[in-house]
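All chains are named by letter (A, B, ...) in the order of the sequence lines, taking the proteins before the strands, and each is independently numbered beginning at 1.
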2 protein chains.
Amino acid sequence: MFDAIRGAILDHRLAPGTKLREVSLAELFGVSRAVVRSVLARLGHAHLVELRPHRGAAVATPSLEESRQVFEARRAVEEALVAKVARSAEARDVARLREWVASEQAAYARGDERDGVRRSVDFHRRLAALAGNAVLARYLDELVSRTPLIALAHRGSAPAPCGCEDHLALVDAIAARDESRAAALMRAHIGHLEAALNLRPRTPPQSLAEVFGRAPAGR
Amino acid sequence: MFDAIRGAILDHRLAPGTKLREVSLAELFGVSRAVVRSVLARLGHAHLVELRPHRGAAVATPSLEESRQVFEARRAVEEALVAKVARSAEARDVARLREWVASEQAAYARGDERDGVRRSVDFHRRLAALAGNAVLARYLDELVSRTPLIALAHRGSAPAPCGCEDHLALVDAIAARDESRAAALMRAHIGHLEAALNLRPRTPPQSLAEVFGRAPAGR
DNA sequence: CCAGATCATCTTGTCAACAATGTGGATATG
DNA sequence: CATATCCACATTGTTGACAAGATGATCTGG
């Protein structure tokens, strides 16, 4: 059930802000409200739903500031992870990573963008797994899980797929055991992701005059 | 109630491995089992208690590998945090940090080690708060919360207080806006913490022969 | 005397009902 | 006519009891 709701949010089948009423979910999944409550608590802790006391649960709508902080956290975590992988990865691991990037490219090449994006995200997870640090890997998992929600809430126009070229370059740096280059590439890659999401304020101090297209004195 | 149990674990009043039975806690705090269950779930997510299905909750006993991963994660997170603080901190913030370190030193000087350790930990939290990234700050909070448990489970001999000199040097680097020096100092500082905990395997493949002081053929 | 299986007991997981709180609409009033 | 208040409804938070699973002792057989 947790995975079902999580998947629905990640696949953009549940829009941000959608209220998640306990009774509806309970009868929908054929379970009691208690377990629904438990699942919602877990989703809340993963920041996929927002829980406000006495006011129910809703699919999270990450603010711009929050989104930027998530990307900044990704930079910190993934730089450390990729550096460690570059330090310790074996040839077989590198080969598997390369295969995976190829499968990404294949997915995009045949036009299956959904599968491509999923594989691109999984690339980051696999990289994290190779680092052999469960703590950082879990943080990364949480952060990448929040990313689709951010994309939906603040995307400009493009669907923003993970650039495969970046991934390929990363694998090359890892294969060359070039720790610092790998970290720099990762930093750049996450910068690309963030830029592709058009994460600038959508007109942040969005004045009312601008919205209604008239001067404040007008009336 | 969450804070009560959390505090008890952090203050070493609840030893690792202690079983936390739901009914006991329920009648102890005068609440229902449902809320106990919710609290335990939260503690489990914070990795302060270990939750095994149908087998109850117990105060977590972090393994050596896990402990090392926590410190590695702290390096990644805190380096990023301190670098950002060095980039953006204002003079007033730096002054307050300096005051805080002074209060640490005062606590140690008057022999109040418990208060000193608490203030030392809080130094890291305050630093995190100054960085202005709620995501990373929360990760840091989780990581430092796990540290006392690690200390209790694997400490060598010393109680391992946070070295105030390290903190002072960090503040100096921040004041000088020297991002890379601050990061390096932080890395070193966490290294000191880890070393002080004597986190090497306590004799990890601890052979039985070693334990009983006789050769395996002996009998 | 020891090993394995059985059963009582305890603990956790789940459920349905009760109480408390927030929400929206209808009503009264300046 | 706009605003503030009150009330009914809906939703969440909490409680107690029931069912499923695990733990440990007892009992039987070798």
Next item on the list: Give, for atom CG of A:D115 and atom OG of A:S103, the distance between the pair rounded to the nearest 0.5 Å.
Entry: 7.5 Å
Item checked: Cationic N near anionic O, under 4.0 Å, B:E78 to B:R74 -> yes
Item checked: Minimum heavy-atom distance between B:M1 and B:L25, given as atom pair plus value -> CE-CB, 4.3 Å
Strictly under 3.5 Å: I want the nitrogen or oxygen pairs between protein and nucleotides 7-14 of chain D, one per line.
residue : atom : partner : partner atom : Å
D:dT12  : OP2  : A:E22   : N            : 3.3
D:dG13  : OP1  : A:H54   : N            : 3.0
D:dG13  : OP2  : A:R37   : NH1          : 3.0
D:dG13  : OP2  : A:R37   : NH2          : 2.5
D:dG13  : O5'  : A:R37   : NH2          : 3.4
D:dG13  : N7   : A:R33   : NH2          : 2.7
D:dG13  : O6   : A:R33   : NH1          : 3.0

Next item on the list: Please state whether the rings of A:H124 and A:H189 are parallel, tilted or perpendicular, taking 30° and 60° as the class boundaries.
Entry: parallel
Check: Roughly, in whole Å, what's the span from CD in B:E27 to C1' in C:dC10?
Finding: 14 Å
Notebook entry, point to check: Between C:dT11 atom C1' and B:L25 atom CG, what is the distance in whole Å?
Noted result: 13 Å
Check: Is A:R118 salt-bridged to A:E104, cutoff N-O under 4.0 Å?
Finding: no
